[in-house]
Amino acid sequence: MEQVYFASDFHLGLDARLTTIERERQIVRWLESIRNDATHIMLVGDMFDFWYEYRSVVPKGYVRFLGKLAELVDEGIIVEAFSGNHDMWLKNYLTDELGIPVHHDPIERTFGNKRFLIGHGDGLGPGDRGYKILKRIFLSPVNQWLFSRVHPNL
């Protein structure tokens, strides 16, 4: 029987009630606790509070989390990721380095005899016009090209 786990909104990189490193350690403990029965792990957006992939620069940190994901994928657990509104600039890093496909739009999946529509959800449906405009600006190829010219230290 398939055991599918869904998780989202870790917002690694944002210190809140718990620091990023404390939250990352909790997430890694949770991933370790499900490794023996999970067949699929669906990471449904906002894993990171800000993630922008430069061609040759990897965002600093998150090595425990990324390492644990690599372990799970290497063991045959299917891990899929979705971009959210805070990590919409996920591109090829997770796929190329960890074997985790990244979806930018909702997808349909069937697990067992149940069908799921899986996606982060921000900006779907009617309303939220301001966010939808902002998202188009952020995802514009021209704007992304311009942003990629800004040095990562800034």
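When a residue number appears, it is its place in the shown sequence, counting from 1.
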- Message: I'd like to check the ring-ring contact (aromatic ring centres under 6.0 Å, His included) partners of F50; sequence neighbours left out, ordered by chain and number.
- Response: W89
- Task: Could you list who else is in I78's hydrophobic cluster, with ILVMFWY side chains joined at under 4.5 Å, directly or through other members?
- Result: none
- Check whether any side-chain heavy atom of T20 sits under 4.5 Å from a side-chain heavy atom of R23, and report yes or no. yes
- Task: Answer yes or no: is there an ion pair linking R35 with E71, defined by an N-O contact shorter than 4.0 Å?
- Result: yes
- Message: Keeping T39 on the side-chain end and Q3 on the backbone end, is there a donor-acceptor pair under 3.5 Å?
- Response: yes
- Result of checking T19, D46, D49 against L14 for side chain to side chain contact (heavy atoms under 4.5 Å, CB included): D49
- Query: Atom CG of L72 and atom CD of E75: how far apart are they, to the nearest 0.5 Å?
  - Reply: 6.0 Å
Distance-only donor-acceptor hits, side chain of residues 104-111, under 3.5 Å, sequence neighbours excluded:
from	atom 1	to	atom 2	distance (Å)
H104	ND1	S83	OG	3.0
H104	NE2	L90	O	3.2
E108	OE1	R115	NE	3.3
R109	NE	E80	OE2	3.4
R109	NH2	E80	OE1	2.8
R109	NH2	E80	OE2	3.2

Atom pairs and distances, side-chain donor-acceptor, residues 91-102, under 3.5 Å, sequence neighbours left out:
from	atom 1	to	atom 2	distance (Å)
T95	OG1	I100	O	2.8

- Interatomic spacing from OG in S8 to CE in M47 - rounded to 0.5 Å: 10.0 Å
- Identify, with sequence neighbours excluded, every residue that meets side-chain hydrogen bond (donor to acceptor under 3.5 Å, both in side chains) alongside E2. none
- Message: Please report whether the ring centroid of F10 lies less than 6.0 Å from that of F48.
- Response: no
- Checking N143 side chain against I137 main chain: does a donor-acceptor pair fall under 3.5 Å? yes
- Please report the C-alpha distance between F82 and H120 in whole Å, then the side-chain angles of each, then the deciding distance to 0.1 Å, and finally whether the ring pair (Phe, Tyr, Trp, His ring centres under 6.0 Å) criterion is met. CA-CA 7 Å; F82 294 77; H120 188 62; 9.3 Å; no
- Item | Interatomic distance, L69 atom CG to I41 atom CD1 [nearest 0.5 angstrom] | 7.0 Å
- For D37 and Y5, run side-chain contact (heavy atoms from CB on, under 4.5 Å): C-alpha distance rounded to whole Å, both residues' side-chain angles, the deciding distance at 0.1 Å, then the answer. CA-CA 10 Å; D37 69 337; Y5 291 84; 2.9 Å; yes
- Does any pair with a residue in residues 14-33 pass ring pair (Phe, Tyr, Trp, His ring centres under 6.0 Å), and if so which ones, sequence neighbours excluded? none
